[in-house]
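Along the sequence shown, residues are numbered consecutively beginning with 1.
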Amino acid sequence: MQATSNLLNLLLLSFLAGLDPSKTQISPKEGWQVYSSAQDPDGRCICTVVAPEQNLCSRDAKSRQLRQLLEKVQNMSQSIEVLNLRTQRDFQYVLKMETQMKGLKAKFRQIEDDRKTLMTKHFQELKEKMDELLPLIPVLEQYKTDAKLITQFKEEIRNLSAVLTGIQEEIGAYDYEELHQRVLSLETRLRDCMKKLTCGKLMKITGPVTVKTSGTRFGAWMTDPLASEKNNRVWYMDSYTNNKIVREYKSIADFVSGAESRTYNLPFKWAGTNHVVYNGSLYFNKYQSNIIIKYSFDMGRVLAQRSLEYAGFHNVYPYTWGGFSDIDLMADEIGLWAVYATNQNAGNIVISQLNQDTLEVMKSWSTGYPKRSAGESFMICGTLYVTNSHLTGAKVYYSYSTKTSTYEYTDIPFHNQYFHISMLDYNARDRALYAWNNGHQVLFNVTLFHIIKTEDDT
């Protein structure tokens, strides 16, 4: 009843607001009279209505007028309901347009950040977004009460279209295929330049970049430095003992996602974490021995094995962290190497260059650095670099050049992010250090001092 009275008051106000007051006055004897009107704090209209005098003669006429007013109120209520549904529908359109406008704004921010690398498909995507926005403009025009907002939307779309057209005209000559060919040409030139670089001297280590977190605290992961550019297989060997399973992944991306391509069950358990993959074969130290094994991944069998004479094994001369790391196999730009210690050299590091086919020692160098005081080591261009610890604060402290048979003390720090390094090997193809850092597989970038060869050099 109260709702009907409110609607009745609203209807009376609507009628009275549009008519001449001199022609709409109704005396108390003839009908209802609006005595006063106001608005409450919630924005609702409040009207005071004087009822007509009651008499038997006018009762039927008043009842008829009341029924007519009630019919008008019902019609008005239905109209309001229709208007409400339409408003809700249009509001959804506005929300949709707001989302698309935000997305479009993000797209153009990306364009402004790197305009020269846009490709044809980016323009097509933006044009499709524009086509989706155009049908929404008539919907917004229904909101006559907010004409300024509609005008602003139209102007912004026109401006965005103009910017898009300008950018397309500016870089239209550089389609995707042309840009792709230019990138390939630049990559070829860079590789040709790198081939002219002589072996460099280590100057700096930066990083690391965490590639993956997996496995135990100790392990090894590696790629083949002699593999072709299209061959990016990764090999993964968890733990430093009591294991014979090698996991293979077709790429770094598959390694990160855990998509194994193959597993190998080696004929022997390995010792330590200092294995290396070189020219398609795995070289590792056989458990509880100083025997080196060469295992072919393609053939699935051992191709060679040989004892490393006098080399300590089974934690006789390990690195500072232990883990049967007595014999460290590694590769660089020159070839295959073994780093170990012997009683004959008083437990100090010995460097031996190996024949990759027969595993024979081609030449050896005896250093004065104690193997047990080394955290890890790696070879770059025939020079052995030794870290002073496997823990936080580690740095490259000592280097020995096999070219000159001389050593020097260095001070090249690097960030031991996860506090315990159990494997650190250089990859000549990637010009990076692969490391196993407390259950994290990470990469370090290296900065080398190079001398560029010229055609006059012999």
Side-chain angles (χ1 to χ4, degrees), residues 218-220 222 235 237-246 264-279 281-296 301-332 334-379 382 384-387 390 398 400 402 422-426 436:
F218 317 98
M222 63 213 82
W235 290 274
M237 302 169 69
D238 191 12
S239 186
Y240 63 86
T241 186
N242 291 327
N243 199 350
K244 298 192 296 181
I245 302 299
V246 180
Y264 302 87
N265 191 354
L266 301 178
F268 311 107
K269 294 179 182 179
W270 64 70
T273 59
N274 307 116
H275 333 292
V276 64
V277 174
Y278 190 70
N279 200 22
S281 294
L282 171 68
Y283 297 81
F284 67 96
N285 177 208
K286 183 180 177 181
Y287 180 58
Q288 289 188 331
S289 74
N290 60 5
I291 296 174
I292 300 173
I293 305 292
K294 177 184 179 181
Y295 178 87
S296 170
R301 64 182 179 88
V302 173
L303 297 184
Q305 55 180 311
R306 184 178 294 274
S307 175
L308 193 59
E309 190 175 19
Y310 304 123
F313 62 92
H314 204 62
N315 274 346
V316 173
Y317 295 119
Y319 288 128
T320 55
W321 64 276
F324 304 140
S325 56
D326 303 71
I327 298 175
D328 191 351
L329 302 172
M330 56 189 72
D332 67 355
I334 296 175
L336 185 65
W337 304 84
V339 172
Y340 54 99
T342 64
N343 290 332
Q344 288 75 4
N345 197 37
N348 294 323
I349 289 176
V350 176
I351 307 169
S352 292
Q353 187 173 6
L354 305 179
N355 182 296
Q356 63 171 307
D357 297 321
T358 65
L359 302 180
E360 290 181 310
V361 174
M362 299 165 58
K363 188 176 181 180
S364 292
W365 294 261
S366 296
T367 77
Y369 196 92
K371 179 75 161 47
R372 284 181 167 273
S373 298
E376 276 288 342
S377 66
F378 53 90
M379 296 287 291
L384 179 70
Y385 294 92
V386 181
T387 69
H390 64 282
Y398 175 91
Y400 186 95
T402 59
S422 60
M423 169 251 178
L424 187 65
D425 278 331
Y426 173 71
W436 190 290

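Here the closest heavy-atom approach between residue Ala338 and residue Leu329 is recorded as CB-CD2, 3.8 Å. Gly312 and Asp326 make their closest contact through O-CB, 3.2 Å (heavy atoms, listed as atom of the first residue, atom of the second, distance). Residue Ser366 comes nearest to Val350 through the heavy atom pair OG-CG2, 4.3 Å, listed as atom of the first residue, atom of the second, then distance. Heavy-atom minimum distance, Asn315 versus Gly323: OD1-N, 3.6 Å. Residue Gly375 comes nearest to Thr320 through the heavy atom pair CA-OG1, 3.5 Å, listed as atom of the first residue, atom of the second, then distance. Contact detail for Lys294 and Ser281: the closest heavy-atom pair is CE-OG, 3.5 Å.
Note: His314 and Phe324 have parallel aromatic rings, judged against thresholds of 30 and 60 degrees for the angle between ring planes.
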Q) Are Gln356 and Asn279 close enough, and set up right, to give a side-chain contact (heavy atoms from CB on, under 4.5 Å), and what steps lead you there? A) CA-CA 9 Å; Gln356 63 171 307; Asn279 200 22; 3.5 Å; yes
Q | side-chain contact (heavy atoms from CB on, under 4.5 Å) assessment of Tyr264 paired with Leu282 | A | CA-CA 11 Å; Tyr264 302 87; Leu282 171 68; over 6 Å; no
Q: Would you sort out whether Tyr310 and Asn343 count as a side-chain contact (heavy atoms from CB on, under 4.5 Å), showing the intermediate values?
A: CA-CA 7 Å; Tyr310 304 123; Asn343 290 332; over 6 Å; no
Q.
I'd like to know whether Tyr398 forms a side-chain hydrogen bond (donor to acceptor under 3.5 Å, both in side chains) with Ser377, so could you lay out the CA-CA distance, the side-chain angles of the two residues, the decisive distance to 0.1 Å, and finally the verdict.
A. CA-CA 9 Å; Tyr398 175 91; Ser377 66; over 6 Å; no
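Residues Lys363 and Ser352 form no side-chain contact, since every pair of their non-hydrogen atoms from C-beta on lies 4.5 Å or further apart. The side-chain heavy atoms of Ser364 and Tyr340, taken from C-beta on, include a pair separated by under 4.5 Å. By the 4.5 Å heavy-atom criterion applied to side chains, Lys286 and Phe313 are not counted as neighbours. Residues Met330 and Val276 have side chains not in contact (no heavy-atom distance under 4.5 Å, counting atoms from C-beta outward). Two residues are said to be in side-chain contact when any heavy atoms from C-beta on lie closer than 4.5 Å; Tyr319 and His390 fail this criterion. Looking only at side-chain heavy atoms (C-beta outward), Ile245 and Asn265 come within less than 4.5 Å of each other. Between Tyr400 and Val386 there is no side-chain heavy-atom pair separated by less than 4.5 Å. The shortest side-chain heavy-atom distance between Glu309 and Val361 does not fall under the 4.5 Å cut-off.
In terms of modelled atom types and a separation under 3.5 Å, the side chain of Arg306 and the main chain of Thr358 share a donor-acceptor contact. No donor-acceptor pair closer than 3.5 Å links the side chain of Asp328 to the backbone N or O of Val339. The backbone N or O of Asn345 sits less than 3.5 Å from a side-chain atom of Asn348, completing a donor-acceptor pair. Trp436 contributes no side-chain N or O that, together with a main-chain N or O of Met423, makes up a donor-acceptor pair within less than 3.5 Å. Side-chain N or O atoms of Thr273 include one that pairs as donor or acceptor with a backbone N or O of Ser422 at under 3.5 Å. Between the side chain of Thr367 and the main chain of Ile349, a donor-acceptor pair closer than 3.5 Å is present. Remark: the backbone N or O of Gly335 is paired with a side-chain donor or acceptor of Asp332 at under 3.5 angstrom. Judged by distance alone, with hydrogens and angles left aside, the side-chain atoms of Asn285 form no donor-acceptor pair with the main-chain N or O of Asn274 at under 3.5 Å.
Here Ile351 contributes atom CD1 and Leu384 contributes atom CG; the two are 4.5 Å apart, rounded to the nearest 0.5 Å. For the atom pair OH (Tyr295) and NZ (Lys244), the distance works out to 10.5 Å, reported to the nearest 0.5 Å. How far CH2 of Trp337 is from CG of Leu354: 9.0 Å, rounded to the nearest 0.5 Å.
The ring of Trp321 has its center closer than 6.0 angstrom to the ring center of Phe218.
Lys371 forms no cation-pi arrangement with Tyr317, by the criterion of a distance under 6.0 Å to the ring centre and an angle within 45° of the ring axis.
The only option from Trp235, Trp270, Tyr240 that meets the ring pair (Phe, Tyr, Trp, His ring centres under 6.0 Å) definition with His275 turns out to be Trp270.
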